[in-house]
J.: 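Quick one: this structure, given as structure tokens, is what I'll be asking you about.
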There are 2 protein chains.
Amino acid sequence: MVDTRTCARPEGGEGSCGAIADMLARLGDKWSLLIVASLGEGPLRFNELRRHVGEISQKMLSSTLKVLERDGLVSRTVIATVPPQVEYALTDLGRELRVPVSHLAEWTTVNTPRILAARAEFDSRAG
Amino acid sequence: MVDTRTCARPEGGEGSCGAIADMLARLGDKWSLLIVASLGEGPLRFNELRRHVGEISQKMLSSTLKVLERDGLVSRTVIATVPPQVEYALTDLGRELRVPVSHLAEWTTVNTPRILAARAEFDSRAG
DNA sequence: GGGGGTAGTCACCTCGAGGTGACCTGGTGC
DNA sequence: GCACCAGGTCACCTCGAGGTGACTACCCCC
């Protein structure tokens, strides 16, 4: 198991922490996780995805998909019908990513009560 | 295993995805992961932590620590010496969090070459 | 011909994350 | 008295993420 301490000490390659934080930040942005989760159920077209995700603007869906596609997590396939359709799907890489993410999701789900309790206690102390 | 699809469909509790994305975003911010990794090696005082993390401003260290403390991931202990010292350490919750995070870190480390390759290919296509 | 669905792009705006530097309190050493 | 440490807070600034609405181009149905 890679220890997060490889992150803080330059000996482990100081870039690794940057890469990990970047990955977390990318998934932690407002829409990526929602999109990956939606595509996890199967391929979707642009407007299907838009309806599925909910209140996302065209611009944000378009730009978030572009980032995910660039990183090789999502594939974009133009289907030459009339009118042309565009299908988005998770790549193998995208599907594999869901495994560690689901661990973190599970941890979060299990521990949300503890976090909320800590927060409430902190706030009551701070006034 | 909690599937990320609980995220997208309201039936699973639509708040869960928000909580997961929040967690990812919190860890994905510029400093949290670095701080958690540093404290993973043992408790540190404010300025020790500051030197350890690198080029972080006092304000950002202070505010990031406050958020982590509020969420119960980090503890803050004032030691009544002269001058008073403040020691920061991971709580049990913070230590437990490192497990799923290290899975994601491992995935990221292993797959960074694939991501970089995808990015390079995407950029070359796009010009 | 007009309304609607397909998949977007472009220009503009807002708002908060993150950074900078000054300042504070209360020591200790010279 | 003066400088310097610890551990911060406060006021101010910048810059980019994310949002809004208009616009494109093409086709189908009524």
Side-chain angles (χ1 to χ4, degrees), chain A residues 17-18 21-36 38-39 43-71 74-89 122-123 125-127, chain B residues 17-18 21-36 38-39 43-71 74-89 122-123 125-127:
Chain A
C17 184
D22 278 357
M23 198 67 222
L24 284 163
R26 164 142 11 279
L27 293 173
D29 77 7
K30 196 165 175 183
W31 301 110
S32 296
L33 189 61
L34 237 29
I35 290 174
V36 170
S38 294
L39 292 179
L44 290 172
R45 286 163 45 199
F46 188 85
N47 279 333
E48 284 176 338
L49 195 47
R50 202 180 161 199
R51 281 186 292 270
H52 205 273
V53 166
E55 288 312 307
I56 184 172
S57 64
Q58 283 183 319
K59 177 198 156 188
M60 287 313 301
L61 181 53
S62 169
S63 63
T64 305
L65 281 169
K66 212 174 287 176
V67 170
L68 292 173
E69 188 198 353
R70 190 170 106 97
D71 283 356
V74 159
S75 67
R76 177 179 185 274
T77 314
V78 178
I79 304 171
T81 56
V82 158
Q85 296 180 347
V86 182
E87 191 170 87
Y88 291 93
F122 182 92
D123 290 348
R125 270 183 312 180
Chain B
C17 185
D22 279 356
M23 199 67 221
L24 285 162
R26 162 141 16 278
L27 293 174
D29 77 9
K30 197 165 176 184
W31 301 110
S32 295
L33 189 61
L34 236 30
I35 290 173
V36 170
S38 294
L39 292 180
L44 290 171
R45 285 165 44 201
F46 189 85
N47 279 331
E48 284 176 338
L49 195 47
R50 202 179 160 197
R51 281 186 292 271
H52 204 273
V53 167
E55 290 311 308
I56 183 172
S57 64
Q58 283 184 317
K59 178 197 154 184
M60 285 315 299
L61 181 52
S62 169
S63 64
T64 305
L65 282 169
K66 213 174 288 178
V67 170
L68 293 173
E69 189 198 351
R70 190 170 108 97
D71 283 356
V74 158
S75 66
R76 178 180 185 274
T77 313
V78 178
I79 305 171
T81 56
V82 157
Q85 297 179 349
V86 181
E87 191 169 88
Y88 291 93
F122 183 94
D123 290 347
R125 270 182 312 179

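For the numbers below, each heavy atom of this structure counts, side chains included, while hydrogens, waters and symmetry mates do not. Each chain gets a letter, A, B and so on, in the order the sequences are listed, and its residues count up from 1.
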J.: Got a donor-acceptor contact below 3.5 angstrom from the B/S32 side chain to the B/R26 backbone?
T.: yes
J.: Can you give the first and last nucleotides of DNA chain C, 5' to 3', that have an atom under 4.0 Å from a heavy atom of chain B?
T.: C/dG18 to C/dG27
J.: What residue pairs, at least two apart or across chains, pass side chain to side chain donor-acceptor pair (under 3.5 Å) with a residue in residues 55-65 of chain A?
T.: none
J.: Identify all pairs in which a protein N or O lies below 3.5 Å from an N or O of nucleotides 28-30 of chain D, and state each distance.
T.:
none

J.: Going through the distances and angles, do A/L49 and A/L65 end up as a side-chain contact (heavy atoms from CB on, under 4.5 Å)?
T.: CA-CA 10 Å; A/L49 195 47; A/L65 281 169; 3.9 Å; yes
J.: Which residues satisfy the side chain to side chain donor-acceptor pair (under 3.5 Å) test with A/S75, sequence neighbours excluded?
T.: none
J.: Between B/L61 (CG) and D/dG7 (P), how many Å, whole number?
T.: 10 Å
J.: Which heavy-atom pair separates A/I35 from A/L61 by the least distance, and what is that distance?
T.: CD1-CD1, 3.7 Å
J.: Could I get the full list of side chain to side chain contact (heavy atoms under 4.5 Å, CB included) partners for A/P43, not counting sequence neighbours?
T.: A/E87, A/A89
J.: Considering heavy-atom distances to DNA chain D, does B/K59 or B/E87 have its closest nucleotide positioned more toward the 5' end?
T.: B/E87
J.: Using a 4.0 Å heavy-atom cut-off across all strands, classify A/R50 as base, sugar-phosphate, or nothing.
T.: nothing
J.: Side chain to side chain contact (heavy atoms under 4.5 Å, CB included) with B/R76: which residues, sequence neighbours excluded?
T.: B/E69, B/V78, B/V86, B/Y88
J.: Mapping B/Q58 and B/K30 to their closest nucleotides on DNA chain C, which lands nearer the 5' end?
T.: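 Checking each residue's closest nucleotide, the 5'-ward one belongs to B/K30.
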J.: Run the salt bridge (Lys or Arg N to Asp or Glu O under 4.0 Å) test against B/R50 and tell me which residues pass, sequence neighbours left out.
T.: none
